[in-house]
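Below: the structure, in C-alpha cells.
In what follows, chains are A, B, ... by sequence order, proteins preceding strands, each numbered from 1.
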Protein chains: 2
Amino acid sequence: MSNLGSSPSGAQNDNMRSSIIEAAKELFAKFGYKKTTMEDIAIALRKGKSSLYYYFKNKEEIFQAVIESEEKHLFSKLNEIVNTKMEPREKFTQYVITRMETILELDNYIKALKDEMLTNYEFLSRLKTSTEKQEAALLTKILEEGTSSNTFQVKNIPMAAVAIATALKGMEGPLLSSYYSFEDFKVQIENTLNILFFGLIRR
Amino acid sequence: MSNLGSSPSGAQNDNMRSSIIEAAKELFAKFGYKKTTMEDIAIALRKGKSSLYYYFKNKEEIFQAVIESEEKHLFSKLNEIVNTKMEPREKFTQYVITRMETILELDNYIKALKDEMLTNYEFLSRLKTSTEKQEAALLTKILEEGTSSNTFQVKNIPMAAVAIATALKGMEGPLLSSYYSFEDFKVQIENTLNILFFGLIRR
DNA sequence: AATGGGTCGACTTTTTTGTTCGAAAATAGT
DNA sequence: ACTATTTTCGAACAAAAAAGTCGACCCATT
C-alpha cells in the first residue's frame, strides 16, 4: 500500500494525527477557521507549533481533515439508517431528519460556512460536490428499495437521487442560519417531505 | 458642561457609541478580546472600520466601555438589593448571591479574564481596585443598616466592608474557572456566609 | 553508533490588524 | 442655496501576528 498522502505514517503518527484533528475540531468549533491559529492548536496539544507541520502540510490541510472527519461522522449515521430494515417512506423520512439533525450538530460545518462568507469560497464548494455524490448514492439505494417494493415510483432513480441531494443541500442554508428553530424547521422538512412523497408514491 | 472625554458628543453620536458598545459586547463575548477585530465590529454595524475611530480612540477604549457597561449592569442590580427593605442578614445573603450570579452572566468579564491570561494584565487590575471601592460603599451601607438595627456588630464598618469586598473578589476566581457548578458554588457561598455571619452577628 | 521517527526553537515570509488622515457624504443651521 | 458641522469611509502604513521553513536535537530501536 503506497502512502499517497503527504505525511509519513507510523504507530504514533496516526495517533497524533487524530489528536490534532480532535483539537482542531474543537477550536474550529469555538472560534471558526480563521480565528484559530496553528499555535492555538499546538498549545492545546502541548506541542511545538512546528510539530504540526510534521503531520500536516499546512493549516488548510488540517481543516480539510477536520471536515472530512465530520463528514465521516455524518455518513456513518446516514449509512446506518440506509442499512436498517424499514419501510421506504419511513426510511426516507428518517434519512432526512437524521441528516438535518446531524448537520446541525456539526458545528464545524456551520462555522466553516460562516467563515467562508468572509473569505474563500473555492475549497468548500469543491467539498460540496463530493458530498453530494455520496449522498446521491445513499439516496439511490433508498429509492431503489422503495421502487422494488412498489412503494415508490421513480422514472430515473439516479437523477432523482441527485435532485433530492441537491435539494437537501439547499435546505441547509436556512437551517444553519437559524432563522428557524430546529423544531420549526422540522415542520418545514415534513412539509417538504410530504410534497416529495406525493410526487413519489404510487397512487 | 465641558466634555472631558476624548470623543465628540451629539444626538446621533451617543446612539452610535452605544451601538458600538453593544456590538463589541457580543463579539467579545463570543470570541474574546484578542480575537475580535475592529473590522468584525465595523461589519457587525455595517460601517467602515475607520468610522469606529470617530467614536473611540482605539480598540482598548471600546473594550473599556464594554466592561464599564457590564459593570453598570452589575452595580445597578446590587444597588437594587441594597435599597430594598430587607432583614440585614437576608440582605447580605441576597447581595452575595446576586453578585455572584450576575458576574457569572457577565460573559465579557469572564472572557476578558481568559484573554488576560495570555496578554496584558495591567489595565484589568486597575479596574479591579475601582470596583472594589464601589463595592465597599454598598457593603458599608448594608453593614450600617445591620448595626443600627442591632443585628450586626461591627467595630470598623468601612474596614470590614473593604475586607468583605476583597474576599468576594477573591471568590470570583474559583467561580469563573468553573471548577464548580454554580449550584456547588452556592453551597460554598452559604458556608462562607455562615462563617461571616457568626463573626458578625451579635450573640 | 547509526538510523529515523518525532520534536522543537529560531528564523523568514506573508497576512492581518490597528490606527491615521484627508476627503467625500450626509445633516443641520442660516 | 450656502455654509458649517457632523458623520462616514477608502487608502495607506507601521506594527503585530500569523503561517510556514529548516536544521538541530532528542530518544527509541537495531
Original post:
In whole angstrom, what separates A:Ile43's CD1 from C:dC8's C1'?
Top reply: 14 Å

Original post:
Can you find an N or O donor on one side and an acceptor on the other, under 3.5 Å apart, linking the side chain of A:Lys57 with the base of D:dG20?
Top reply: no

Original post:
With side chains defined as the heavy atoms from C-beta onward, is the minimum distance between A:Gln64 and A:Phe56 less than 4.5 Å?
Top reply: no

Original post:
Is the backbone of A:Glu70 close enough, under 3.5 Å, to the side chain of A:Lys25 for a donor and an acceptor to pair up by distance?
Top reply: no

Original post:
Below 4.5 Å, heavy atoms only, C-beta onward: do B:Leu52 and B:Leu45 meet side chain to side chain?
Top reply: yes

**OP:** Name the orientation class of the two ring planes belonging to B:Tyr33 and B:Phe63 (parallel below 30°, tilted from 30 to 60°, perpendicular beyond 60°).
**Re:** tilted

**OP:** To the nearest Å, give me how far apart CE (B:Met38) and P (C:dT19) are.
**Re:** 6 Å

Original post:
Rounded to the Å, how far apart are B:Tyr53 OH and C:dG22 P?
Top reply: 17 Å

Subject >> Rounded interatomic separation in angstrom, taking CG from B:Leu52 and P from C:dT20 >> reply: 12 Å

**OP:** Nearest whole angstrom, please: distance from the C1' of C:dG5 to the CE of A:Met16.
**Re:** 13 Å

Original post:
Given atom CZ of B:Arg17 and atom C1' of D:dT7, what is their separation to the nearest angstrom?
Top reply: 15 Å

Subject >> Options D:dT8, D:dT21, C:dG6, nucleotide nearest the side-chain atoms of A:Tyr54 >> reply: C:dG6

Original post:
With respect to the phosphate group of D:dT8, does any side-chain polar atom (N or O) of B:Tyr55 fall under 4.0 Å of OP1 or OP2?
Top reply: yes

**OP:** Would you indicate what A:Ser51 reaches in the nucleic acid, counting non-hydrogen atoms under 4.0 angstrom: base, sugar-phosphate, or nothing?
**Re:** base

Original post:
CD of A:Glu60 versus P of D:dG20: gap in Å, rounded?
Top reply: 9 Å

Subject >> d(CD, B:Glu39; P, D:dA16) in whole Å >> reply: 19 Å

**OP:** Just call it for B:Ser50: base, sugar-phosphate, or nothing, with non-hydrogen atoms closer than 4.0 Å on any strand.
**Re:** base

**OP:** Answer with yes or no whether A:Lys59 presents, from its side chain, a donor or acceptor under 3.5 Å of a partner atom in the base of D:dA18.
**Re:** no

Original post:
Counting N and O atoms only, with roles assigned by atom type, does the side chain of B:Asp40 sit under 3.5 Å from a partner on the main chain of B:Thr37, one being a donor and the other an acceptor?
Top reply: yes

Subject >> Sugar-phosphate, base or nothing in reach of B:Lys47, heavy atoms under 4.0 Å >> reply: sugar-phosphate

Subject >> A:Lys49 (side chain) and C:dG9 (base): donor-acceptor pair under 3.5 Å >> reply: no

